[in-house]
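Structure first, then comments.
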Amino acid sequence: QVQLVESGGGSVQAGGSLRLSCAASGSTSSIDAMGWYRQAPGKQRELVAVITNGSNTNYADSVKGRFTISRDNAKNTVYLQMNSLKPEETAVYYCKARVVLDTTGIQYNYWGQGTQVTVSS
């Protein structure tokens with residue numbers, strides 16, 4: 001019911017910046033939170049940042065002060081501004097939307113296909 005399309009990935013040098021975008025379509029009114037995750041080769045997928053409908057945000061400790069998550073409700077799009085990128089942050093970055101059923105509180109997650117971010121030294 002929710003489709004997510006990521007864009008903005010690419011290759012940058014260490015210390016550079018990228019802005020990722022995630023456009024949601026379908027039953028967007030049912031989404032109560034969206035977030036960004038990343039997964040490097042041989043590593044587990046980890047949370048990077050999340051934002052709720054109330055625009056509350058949470059960040060992984062490793063990215064605090066460097067990354068910013070934001071939303072454009074008119075475009076049903078969430079962004080991740082990434083500054084001062086480090087080589088170890090090379091990974092596939094995934095967008096996730098959380099849907100909550102009002103009557104039961106049951107949650108369901110929808111995932112995008114991911115976008116590659118490569119940070120070179």
Subject >> Arg45 NZ/CZ over Tyr94 ring centroid, <6.0 Å and within 45° of normal >> reply: yes

**OP:** Check whether any side-chain N or O of Glu6 sits under 3.5 Å from a backbone N or O of Gly114 as a donor-acceptor pair, and report yes or no.
**Re:** yes

**OP:** State, with a plain yes or no, whether a side-chain heavy atom of Tyr79 is found less than 4.5 Å away from one of Ile69.
**Re:** no

Subject >> Pair Arg38-Tyr93, side-chain donor/acceptor within less than 3.5 Å >> reply: yes

Original post:
Can you find a heavy atom in the side chain of Val99 that is under 4.5 Å from one in the side chain of Val2?
Top reply: yes

Original post:
So, the side chain of Thr77 versus the backbone of Lys75: is there a donor-acceptor pair under 3.5 Å, distance only?
Top reply: yes

Original post:
So Lys96 and Tyr37, side-chain hydrogen bond (donor to acceptor under 3.5 Å, both in side chains) or not? Walk me through it.
Top reply: CA-CA 7 Å; Lys96 188 193 79 173; Tyr37 294 71; 2.8 Å; yes

**OP:** For Gln13, check side chain to side chain donor-acceptor pair (under 3.5 Å) against everything at least two apart and list the hits.
**Re:** none

Original post:
Does a sphere of radius 6.0 Å around CG in Asp102 hold more than 12 heavy atoms from other residues, nucleotides or ligands, not counting ones at 6.0 Å or beyond?
Top reply: no

Subject >> side chain to side chain donor-acceptor pair (under 3.5 Å) contacts in which one or both residues fall within residues 18-31, not counting sequence neighbours >> reply: Gln3-Ser25

Original post:
Given Leu18 and Leu85, is the side chain to side chain contact (heavy atoms under 4.5 Å, CB included) satisfied, shown in steps?
Top reply: CA-CA 8 Å; Leu18 283 174; Leu85 282 161; 4.2 Å; yes

Original post:
Does some side-chain heavy atom of Met34 sit less than 4.5 Å from a side-chain heavy atom of Thr52?
Top reply: no

**OP:** Walk me through it: do Leu101 and Gln107 pass the test side chain to side chain contact (heavy atoms under 4.5 Å, CB included)?
**Re:** CA-CA 7 Å; Leu101 299 178; Gln107 299 178 0; over 6 Å; no

Original post:
For the rings on Trp36 and Phe67, is their centre-to-centre separation under 6.0 Å?
Top reply: no

Original post:
CD1 of Ile51 to CG of Asn56: how many Å apart, nearest 0.5 Å?
Top reply: 8.5 Å

Original post:
Atom CD of Glu89 and atom OG of Ser62: how far apart are they, to the nearest 0.5 Å?
Top reply: 6.0 Å

**OP:** Assess whether atom CD of Gln116 is packed by more than 12 heavy atoms of other residues, nucleotides or ligands within 6.0 Å.
**Re:** yes

Original post:
Is any side-chain heavy atom of Thr68 closer than 4.5 Å to a side-chain heavy atom of Leu80?
Top reply: no

**OP:** Treat each ILVMFWY residue as a node, draw an edge where side-chain heavy atoms are under 4.5 Å apart, and state whether Val92 and Val78 are in one component.
**Re:** no

Subject >> Residues that Lys43 engages under side chain to side chain contact (heavy atoms under 4.5 Å, CB included), provided they are two or more places apart >> reply: Ala40

Original post:
Looking at residues at least two apart in the chain, or sitting in another chain, which of them share a salt bridge (charged side-chain N to carboxylate O under 4.0 Å, His left out) with Arg71?
Top reply: none

**OP:** Would you please name every residue forming a side chain to side chain contact (heavy atoms under 4.5 Å, CB included) with Asn58, sequence neighbours left out?
**Re:** Val50

**OP:** Under the side chain to side chain donor-acceptor pair (under 3.5 Å) rule, collect the residues that match up with Asn83, sequence neighbours excluded.
**Re:** Ser17, Gln81

**OP:** Using atom types as modelled and distance alone, determine if a side-chain donor or acceptor of Asn53 lies under 3.5 Å from a backbone N or O of Ile31.
**Re:** yes

**OP:** Please confirm whether the backbone N or O of Ser84 pairs with a side-chain atom of Arg66, one donor and one acceptor, at under 3.5 Å?
**Re:** yes

Original post:
Would a 4.5 Å heavy-atom cut-off, applied to side chains only, mark Gln1 and Tyr108 as touching?
Top reply: no

